[in-house]
There are 4 protein chains.
Amino acid sequence: MRIAVDHSPAILKTAARYFARKPFHEVHMDDVADACGIAKGTIYRHYPNKEALFLAITLDWMDRLAEQLHKAARKPRGAVERLEAMVASVAEQYRKQRDFFEVMQREELNGGRSVHPERMHKREILRDAFAGVIREGQRAGELRRFDPTVAADLLLGMIRSQLRFGDPKQSPEALASRVLDAYLNGLASRRRRTSHQGDARA
Amino acid sequence: MRIAVDHSPAILKTAARYFARKPFHEVHMDDVADACGIAKGTIYRHYPNKEALFLAITLDWMDRLAEQLHKAARKPRGAVERLEAMVASVAEQYRKQRDFFEVMQREELNGGRSVHPERMHKREILRDAFAGVIREGQRAGELRRFDPTVAADLLLGMIRSQLRFGDPKQSPEALASRVLDAYLNGLASRRRRTSHQGDARA
Amino acid sequence: MRIAVDHSPAILKTAARYFARKPFHEVHMDDVADACGIAKGTIYRHYPNKEALFLAITLDWMDRLAEQLHKAARKPRGAVERLEAMVASVAEQYRKQRDFFEVMQREELNGGRSVHPERMHKREILRDAFAGVIREGQRAGELRRFDPTVAADLLLGMIRSQLRFGDPKQSPEALASRVLDAYLNGLASRRRRTSHQGDARA
Amino acid sequence: MRIAVDHSPAILKTAARYFARKPFHEVHMDDVADACGIAKGTIYRHYPNKEALFLAITLDWMDRLAEQLHKAARKPRGAVERLEAMVASVAEQYRKQRDFFEVMQREELNGGRSVHPERMHKREILRDAFAGVIREGQRAGELRRFDPTVAADLLLGMIRSQLRFGDPKQSPEALASRVLDAYLNGLASRRRRTSHQGDARA
DNA sequence: CATGAATGAGGATTCATTCAT
DNA sequence: GATGAATGAATCCTCATTCAT
């Protein structure tokens, strides 16, 4: 019996590199195997098929992101500081694991068909991490009343837009600062707050 | 004599339905042709290949969205009102042309590789439509100073997050109202505006 | 549109030649396609997969045999003559379509698992063709009382054993004559008929 | 010190169960190994490859059958009694070792290509066991003149047909009785013996 | 001797695209 | 222009076999 080397992480990383650069159907298992320096069959010992491999990249990334996020959410005191740390954490994770992020973004596999339940679940965990902090901020009076889940989704949407379309050279901290500025203070000028403010439901 | 019918719109619509529901590589030209009631070869008379068909769906939607958007941007007076009309317009377009929107979201084909130039260009047009109004709002003093392009991206990110993850039953107007509330007023409580405000660059 | 040539018979014939000479898993669709002078994909337009192709060979042969059999059963007057014609017919069909017979014999695909229903049904048709004539022979007093279905199975068993293990050079008629001699007259010597005779149930 | 266990019989038995239920190419060495509770490599220590394993099942069964057969052929006095004992023996063996029988029936591996020599030889041994008794019966006047080899083949054909298609609930003795009734006495009515009788050659 | 992780040749099947009618 | 039968390159996945431990 040969020594069991856990190839999973290497496979995941290599596959992420490929899936991040090409559409699903243009990524070949052969290529991934070659790039990993293992035989094709070995991939199949870890992931039953190409789709599962693709999915695993996503889920793996989400797991790691969730971990980072919880870590970031623990340190600072105020909700605002914690949100800022979390956003920076996401941005940093993105920089470090860009391939994984790209793959996760793609959502190629759940084209419209009701999203993969595990992915869905993990996304909810991420969102809830933000929503939890937002809720605390509201209790502490730092944040105004607004549905925390919606608020979390909005923040994630902002983050995503900056990761994808924002200046790729800005630091995670700068990105976090900029996003939170807009998120917290809004873009209306101070003297002209819209009448919307009252609409929000906690 | 057979009357020449322009199948293009029908093909686009049918194909959108398929691409919206399945990943690119699971959509078969046969299916689309059958669903269109035409022969496979006829599709190839309109689109040189599957990828072009996919892309055409995207571009078509973006064109129509841009048109809607400009219409929406024209009517109201103030920048805020115009933004609200534009967001509602996007949401409505999304409801009415959900398949197209789903396809456009996917970005399956430009997995990382330098995004298709025309798509890129059209997305910029959309963003610039928002950025233009934002810039005007800033000039008029309705909106505070903040890079308009970034601001537009952030707004698009918020819209996207609500379209994908928000309450699917809320009306376009409700969605617009809620998004703009957060976008304009921010989520910090009034008494506790963060120090970020000063960071923004116009 | 190209002219539709029905490739089915050619595919069946070629495939039979291959399946008759090699075990299922050693027959390659490529080989069959090449030998047919058509592309691999064309086979799949006619048969959804290799197993279906294999099965089709069997069913096709059984159909043709049943047809021959009914023809043979029609001409002669007496049951014995008809049986003889039928056996000769089977033997002749075997000679002419040996490949098909070999494939049918193999039963490779229904290894133990409850036999394919259509095959089962067709085999019953063949058996019943014999059983019907046997029953008539019993009514006419030519044949003694014995369960006709069992009697038919026994006759088919004899035929099979001769086709597989008998002298390959003997004519269909000789084979039929020899088999029927044993089948009708039995192998006991005349003076020593066993006590079994009484056991048979019509 | 590990006690060396001879896995051969267990492997053979387990493999037989699999090969009896699925076609050759659907039986996986993994399955057999797992079901045996041993590692795949261990099977290869006993049988050089899958084909050899398959063949071994066949040969093993034939050996055991031949042994039974010779035992059965020894006890009774008359040829007819001995034949009956032998047929019952085959039927019993079939009931007890159905898996092996099924495998042996299949002949999957010698699809047309000149049959495996050892198998061929063993089948001849079986046939000759019957042929020998038949020859004695002819000498003793119990059986009429008829090529003993052909006669043996015919009897085996009848047995096979009953094992495969006959009533699965009838006892080995009942099967033997029924088959031999037909085999010895023939199915023609007594008054109407066909002219075939004269055709047979010893 | 046993093990079972790793291998990778091998083959079934798919499906975008073509083109003769 | 429209058709859809035919194509065959392209790829996923399998699984018998090996061999380091």
Side-chain angles (χ1 to χ4, degrees), chain A residues 1-7 25-34 36-53, chain B residues 1-7 24-34 37-53, chain C residues 1-7 24-34 36-51 53, chain D residues 1-7 24-34 37-53:
Chain A
M1 179 179 95
R2 278 172 227 170
I3 281 188
V5 179
D6 186 10
H7 294 111
H25 67 284
E26 287 185 19
V27 174
H28 307 319
M29 297 300 265
D30 289 85
D31 298 340
V32 176
D34 284 354
C36 277
I38 60 176
K40 221 178 328 174
T42 305
I43 297 184
Y44 283 91
R45 295 189 62 71
H46 293 267
Y47 305 95
N49 52 49
K50 195 176 164 186
E51 192 160 335
L53 174 58
Chain B
M1 183 187 90
R2 213 172 296 160
I3 291 174
V5 182
D6 183 11
H7 292 113
F24 184 82
H25 67 282
E26 286 185 20
V27 174
H28 306 322
M29 297 300 265
D30 285 272
D31 299 338
V32 177
D34 285 356
I38 60 176
K40 235 184 316 180
T42 306
I43 296 183
Y44 282 88
R45 191 156 290 287
H46 293 268
Y47 305 95
N49 54 46
K50 191 179 169 186
E51 193 158 336
L53 174 58
Chain C
M1 179 179 94
R2 278 175 226 165
I3 280 189
V5 180
D6 186 10
H7 294 112
F24 185 83
H25 67 283
E26 287 186 17
V27 174
H28 307 321
M29 297 300 265
D30 290 86
D31 298 340
V32 176
D34 285 354
C36 278
I38 60 176
K40 225 178 323 178
T42 305
I43 297 184
Y44 283 90
R45 295 188 62 71
H46 293 267
Y47 304 95
N49 54 48
K50 196 176 164 186
E51 190 159 336
L53 174 58
Chain D
M1 181 188 87
R2 214 171 294 158
I3 290 176
V5 182
D6 183 13
H7 292 112
F24 184 83
H25 67 282
E26 286 185 19
V27 173
H28 305 323
M29 297 301 265
D30 284 272
D31 299 339
V32 176
D34 285 357
I38 61 177
K40 235 184 316 180
T42 307
I43 296 183
Y44 281 89
R45 191 156 291 287
H46 293 268
Y47 304 95
N49 53 48
K50 191 178 169 188
E51 193 158 336
L53 174 59

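All heavy atoms count here, side chains included; hydrogens, waters and symmetry mates do not.
Pairing partner, E:dA12: F:dT11, with both Watson-Crick or wobble hydrogen-bond distances short of 3.5 Å. Remark: F:dA5 base-pairs with E:dT18; criterion is Watson-Crick or G-U wobble with both hydrogen-bond distances under 3.5 Å.
When the side-chain nitrogen and oxygen atoms of A:K40 are compared with OP1 and OP2 of E:dG8, none of them lie within a distance under 4.0 Å. For E:dA12, the OP1/OP2 oxygens have a side-chain nitrogen or oxygen of C:H28 closer than 4.0 Å. Distances shorter than 4.0 Å separate none of the side-chain N or O atoms of A:H25 from OP1 or OP2 on E:dA16. Between A:T42 and E:dA6, a side-chain N or O to OP1/OP2 separation shorter than 4.0 Å is absent.
One interatomic measurement links the two molecules: CG of C:N49 to C1' of E:dG11, which rounds to 14 Å at whole-angstrom precision. Here F:dC13 presents its P atom at 10 Å from CG of A:L53, a figure rounded to the nearest Å. Counting to the nearest Å, the P atom of F:dC15 and the CD atom of C:E26 are 16 Å from each other. B:M29 has its CE atom 17 Å from the P atom of F:dA5, to the nearest Å. In this structure, D:H46 places its NE2 atom 9 Å from P of E:dC1, rounding to the nearest Å. For the pair B:D30 CG and F:dT3 P, the computed distance is 14 Å after rounding to whole Å. Remark: C1' of E:dC15 and CD1 of C:I43 are 16 Å apart, rounded to the nearest angstrom. What separates NZ of B:K50 from P of E:dT14 is a distance of 14 Å, to the nearest Å.
Residues D:Y44 and C:I38 both approach DNA chain F. Their nearest nucleotides, taken by heavy-atom distance, put C:I38 toward the 5′ side. Between C:G41 and A:R45, it is A:R45 whose nearest contact on DNA chain E lies nearer the 5' terminus.
Residue contacts for C:V27: at a heavy-atom cut-off of 4.0 Å it reaches the sugar-phosphate backbone alone, with no base atom in range.
Between A:K40 and A:I43, the closest side-chain pair of non-hydrogen atoms is not below 4.5 Å. Contact annotation: the side chain of C:T42 approaches that of C:H46 to within less than 4.5 Å [non-hydrogen atoms, C-beta and beyond]. Residues A:M29 and A:L53 are in side-chain contact: their nearest non-hydrogen atoms beyond the backbone lie under 4.5 Å apart.
Atom CD of residue A:E51 and atom CD of residue B:E26 lie 6.0 Å apart, to the nearest 0.5 angstrom.
Minimum heavy-atom separation, D:K50 to D:F24: NZ-O, 2.9 Å.
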